[in-house]
Amino acid sequence: MTVSPAPIAVALDAPDLETAARWATQVTPHVSTVKVGLELYLRYGPDVVASVRGASGVQVFLDLKLHDIPATVAGAARAVARLRPAFLTVHAAGGPAMIRAAVEAAPATRVTAVTVLTSLGDGDLDALGVAGPASDAVRRLAALAVDAGAQALVCSPREAAAVRAEVGPDITLITPGVRPSGAATQDQARVATPEAALAAGADLLVIGRPITGAADPGAAAAGIAAALRRVAAGAP
């Protein structure tokens, strides 16, 4: 029986292109998506997408978090749309016109609005002059982004249930800040286990160092994927 890949986006925060491609090859049998972040993209450019996609055709999540005036974001989205990423992130705080510009410029890509970074807590939002708590800010930005045409949202697992209630069933919810039980939280402030994130309504879980920092990233990905399948099947 063929096992479907788990709804995990492995963050390929690698020091070089060869390592990123190797990690992608190791995890691709077990996960649906690999995520290319800003550092890797700026270092190697568009070639990184083809390198991590390989022959498998795995979904690529291009996490560039675009945030600029609408015309500039439209140009950037148009430039990367030819790489055929499944997801492309923009900051919801850029506003409706900016989000709409990205959606129109990359019609074959799910433009994904980042609500509030998972590294930020309520105190950080206060310092930035953003009305909190974080859960309220996330819901406001989620509604704004979806109204502007975003097809996916990034929020922490802690806000996933509230965001799902706010935007309905058709928007893809992507949750970073996912840490298997016992893993270090590192620089994430709002975290949950993979099982809890899925239960809260997330569709795609971003997991990086707990997989890529393991001695065998493929085995680590397989283990988390198996745990998620057990939860989906209702097993203890």
Give, for atom [atom1] of [X] and atom [atom2] of [Y], the distance between the pair rounded to the nearest 0.5 Å.
X    : Y    : atom1 : atom2 : value
F61  : L204 : CZ    : CG    : 7.0 Å
W23  : D13  : CH2   : CG    : 7.5 Å
E104 : I99  : CD    : CD1   : 12.0 Å
T72  : M98  : OG1   : CE    : 11.0 Å
T212 : Q26  : OG1   : CD    : 10.0 Å

Backbone N/O of [Y] and side chain of [X]: donor-acceptor pair under 3.5 Å:
X    : Y    : value
T19  : P15  : no
D122 : P133 : no
T28  : A24  : yes
E166 : R139 : no
T175 : L173 : no
T109 : P85  : yes

**Study point:** Enclosure of R84 CZ (heavy-atom neighbours >12, cutoff 6.0 Å)
**Key:** no
Exercise for review: Find out if a path of hydrophobic residues (ILVMFWY) with successive side-chain heavy-atom gaps under 4.5 Å connects L144 to I69.
Suggested key: no
Practice item. Examine V73 and L38 and state if one hydrophobic cluster contains both, with Ile, Leu, Val, Met, Phe, Trp and Tyr joined whenever side-chain heavy atoms are less than 4.5 Å apart. Key: yes
Closest heavy-atom contact between [X] and [Y]?
X    : Y    : answer
L83  : R53  : O-NH2, 3.0 Å
V163 : C155 : CG2-SG, 4.1 Å
A160 : A202 : CB-N, 4.4 Å
V206 : P176 : CB-CA, 3.8 Å
L40  : A20  : CD2-CB, 3.7 Å
A102 : V90  : CB-CG1, 4.0 Å

Do the side chains of [Y] and [X] get nearer than 4.5 Å, heavy atoms only?
X    : Y    : value
R22  : L17  : no
L153 : V114 : no
Y44  : S51  : no
L141 : V116 : yes
Q59  : R110 : yes
L88  : L66  : yes
V60  : T33  : no
F87  : L62  : no

Review point. Any luck finding a side-chain donor-acceptor pair between T89 and D63 under 3.5 Å?
Key: yes
Study note, to complete from the structure: The side chain to side chain contact (heavy atoms under 4.5 Å, CB included) partner of L205 among S32, P194, P157 is P194
Practice item. Under the side chain to side chain contact (heavy atoms under 4.5 Å, CB included) rule, what do I224 and I207 come out as? Steps first, then yes or no, please. Key: CA-CA 10 Å; I224 296 172; I207 305 176; 4.1 Å; yes
Check your understanding: Yes or no on side chain to side chain contact (heavy atoms under 4.5 Å, CB included) for L228 and I8, after CA distance, side-chain angles and deciding distance?
Key -> CA-CA 10 Å; L228 293 179; I8 295 170; 3.9 Å; yes
Practice item. Kindly determine whether E39 and R43 satisfy salt bridge (Lys or Arg N to Asp or Glu O under 4.0 Å), including the steps that lead there. Key: CA-CA 6 Å; E39 181 180 354; R43 186 175 294 161; 2.8 Å; yes
Check your understanding: Is D147 salt-bridged to R100, cutoff N-O under 4.0 Å?
Key -> no
